[in-house]
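Structure first, then comments.
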2 protein chains.
Amino acid sequence: MATIKDVAGAAGVSVATVSRVLNDNGYVHEETRTRVTAAMEKLNYYPNEVARSLYKRESRLIGLLLPDITNPFFPQLARGVEDELQREGYRLIFGNSDEHLEKELEYLQTFKQNQVAGMIAATNYPDLAEYSGMEQPVVFLDRTPEGAPSVYSDGRTGGKIAAEEILRGNSKCITLFKGPAHLPTAQERFSGALDVLRHADVNFQIITTASFSFKDAQTSAKELFAAYPNTDGVIASNDIVAAAVLHEALQQEKRVPEDIQIIGYDDIPQSELLFPPLSTIRQPAYDMGKEAAKLLLNIIKKQPLKETAIQMPVTFIKRKTTRKGD
Amino acid sequence: MATIKDVAGAAGVSVATVSRVLNDNGYVHEETRTRVTAAMEKLNYYPNEVARSLYKRESRLIGLLLPDITNPFFPQLARGVEDELQREGYRLIFGNSDEHLEKELEYLQTFKQNQVAGMIAATNYPDLAEYSGMEQPVVFLDRTPEGAPSVYSDGRTGGKIAAEEILRGNSKCITLFKGPAHLPTAQERFSGALDVLRHADVNFQIITTASFSFKDAQTSAKELFAAYPNTDGVIASNDIVAAAVLHEALQQEKRVPEDIQIIGYDDIPQSELLFPPLSTIRQPAYDMGKEAAKLLLNIIKKQPLKETAIQMPVTFIKRKTTRKGD
DNA sequence: TTGAAAGCGGTACCAG
DNA sequence: CTGGTACCGCTTTCAA
């Protein structure tokens, strides 16, 4: 790999001059510039980012921490982040935490050691000292610690809407899924739905899912029909759980939505391909990623910020697993 | 951020000594070591990876290039890679190419500029001069250029198995999906299936999908039933397409698999949650990622390699959208 | 308009 | 067993 010194040699100038044409700052004679450019071309030179980062004490890398890219909600977020950052010349160091504090800390450490320009984190531990003590700016995604820059959607409202839609479709014996206890976002949507149900004139019961994995979703779905066979409305904790419930309902030869309504949460791309296509509460994942990236970029560039906690809208996507309005 | 100099000062030793305890090499008196360790502790010191990488001319970062993390097949690969690399202390710079040469080159450039220790690429352009001219080792995933280190599965065989299974279930009017022309992996499985169909005593027709996006999958599925309404067997180019076809078939009130068999490709996690659960050809995505990472690690460490082109098995996953053997 | 030189934060060689 | 120092590749004063 050619270095700036090689280029300087080939062009018969000092490295300082090469650096100037490289960064297009300071004075440099037009004729020298062409000579330098030619030398760079000839040597196939490209600057070493590592050296640059060392001097600047900041790299063009952004740390992205997600719970698990294997969960279909997160790839969307990641793409939103990447697409936005990419355009500004930033790249991603990416890590999955598996909701595991230890792994999370490990990645935070990595990010710091690599002098990232900033980071975006979807974490259950936003109040960690490691975050507040960070020199680099952090934008929280999907979960908001008080006061810190963040992008999220309103889980309580989402949960409420879900419950209202199920009610509107006239279910009388409803099962409400409660997501993993350690996931605040899951708890928010749950409590939103719970509020609505409590104040309505319906029977309802609660089932807790241990995780959002495919396997646990299936298990919970089976549990649902074993424990509450005459459920006629289901508020799932996310689309994966909803898909599992839909699967199980059809397996039991129930008609959806005639015998049982089902509503999901997130609106992952696959939900539309289910049959019947899944009614769900949509979080605009891709845009959330984009917004987080924009916010971070603004902080990095020290632009004045209008808002530092950005709430994204949550919307009901009416498809075919709910009844009302057909 | 504390530097090695700060630590040296606080411990009353030279930076050389601190470096020695840091890397645990060379001689250092037990008592000095404790003093240094204490100083590091007190100053909350951690080494700057950027400085290290500069000196070593190699970072602890690995470049991972994937077509699109939003396609459910790839997150699995990514996790396999990450989990393996993580354990050895390597981290990922991640990028999506969108099958777009320009973006791919941009990321390759990034990888080089950041002095990655190596890279793993799922690319349609493995023969690029940029790859062969690379100083860092590259492992190709999912697509193999002659002679280069790679991990892949046998698409032709996969396609064959798919066709054989559909035949075994006695479909007589088969539609074979042909994936995007620019995706070699898609073409391989297609041609494998085509071979089998050609030598069998059945009617079959071909439909080409423009891309593997959810939208295009839906469009093709609709096209299928419009053009060939009495299709009684479908060999899809991947599980997304299969899901769309299944959706459309049910929509048309066909019984699956009684009226029409459907087989997918990839075995993404969601396929099991479809109803009926999707029969498909499985590629062990997670393990492929793991193997690629292992292979790369071995190359980086200059270990002797037994094999440099690792073929992973492709297997038929019998679920409920095919008939034979119920 | 240009070059010399001092770092950025480490590592490793050499001397003592 | 320890310290001094050159160097990794680049940026940025400062002086010429």
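Chain naming here is simple, since letters A, B, ... match the order of the sequence lines and numbering starts at 1 in each.
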**Prompt:** Can you check whether Phe73(B) and Phe212(B) have ring centres sitting under 6.0 Å from each other?
**Reply:** no
**Audit row: Asp6(A), Lys42(A), salt bridge (charged side-chain N to carboxylate O under 4.0 Å, His left out) steps and yes/no** = CA-CA 11 Å; Asp6(A) 301 329; Lys42(A) 178 162 138 252; over 6 Å; no
**Sub-4.5 Å side-chain heavy-atom contact between Asn124(B) and Pro184(B)** = yes
**Message:** Less than 4.5 Å apart, side chain to side chain, heavy atoms only: is that true for Arg60(B) and Asn114(A)?
**Reply:** no
**Prompt:** Nearest of dC8(C), dT1(C), dG3(C) to any side-chain atom of Lys5(B)?
**Reply:** dC8(C)
**Request:** Pull out every residue in residues 43-51 of chain B that has a heavy atom closer than 4.0 Å to any atom of DNA chain C, ordered by number, or say none.
**Result:** Tyr45(B), Tyr46(B), Pro47(B), Asn48(B), Ala51(B)
**Message:** Using a 6.0 Å cut-off, check whether atom NE2 of His182(A) has over 12 heavy atoms from anything other than its own residue.
**Reply:** yes
**Message:** So Val13(A), base contact, sugar-phosphate only, or nothing? Heavy-atom distance under 4.0 Å.
**Reply:** sugar-phosphate
**Request:** With the side chain counted from C-beta on, respond yes when Glu291(A) and Val139(A) share a heavy-atom pair under 4.5 Å apart, and no when they do not.
**Result:** no
Between the protein and nucleotides 12-16 of chain C, which nitrogen or oxygen pairs are less than 3.5 angstrom apart?
| from | atom 1 | to | atom 2 | distance (Å) |
| --- | --- | --- | --- | --- |
| dA12(C) | O4' | Tyr55(B) | OH | 3.2 |

**Prompt:** Less than 4.0 Å between a side-chain N and a carboxylate O, is that true for Arg79(B) and Asp98(A)?
**Reply:** yes
**Message:** Can you give me the bend angle of the helix from dT1(C)-dA16(D) to dG16(C)-dC1(D)? Use the axis through the first five pairs and the one through the last five, nearest 10 degrees.
**Reply:** 50°
**Asked** Just wondering, do Gln283(B) and Met312(B) contact through their side chains at under 4.5 Å, heavy atoms?
**Response** no
**Asked** Looking at Tyr107(A), does the NZ or CZ of Arg91(B) lie under 6.0 angstrom from its six-membered ring centre and within 45 degrees of the ring axis?
**Response** yes
**Asked** Reckon Thr17(A) has a side-chain N or O less than 4.0 Å from the OP1 or OP2 of dG3(C)?
**Response** yes
**Asked** Between which nucleotides of DNA chain D, 5' to 3', does chain B make heavy-atom contacts below 4.0 Å?
**Response** dC1(D) to dG9(D)
**Prompt:** When all nucleic acid strands are considered with a 4.0 Å heavy-atom cut-off, which category describes Ser53(A): base, sugar-phosphate, or nothing?
**Reply:** nothing
**Request:** Round to a whole Å and report the spacing from CZ of Arg33(A) to P of dT1(C).
**Result:** 10 Å
**Request:** Would you please name every residue forming a salt bridge (Lys or Arg N to Asp or Glu O under 4.0 Å) with Lys5(B), sequence neighbours left out?
**Result:** none
**Asked** Please give, in whole Å, the distance from dC8(C) P to Ile4(B) CD1?
**Response** 14 Å
**Residue pair Gln113(A) / Asn48(B): nearest heavy atoms and the distance that separates them** = O-OD1, 3.7 Å
**Request:** Using ring-ring contact (aromatic ring centres under 6.0 Å, His included) as the criterion, list what pairs up with Tyr90(B), not counting sequence neighbours.
**Result:** none
**Side-chain touch Met119(A)/Leu108(A), heavy atoms, less than 4.5 angstrom** = yes
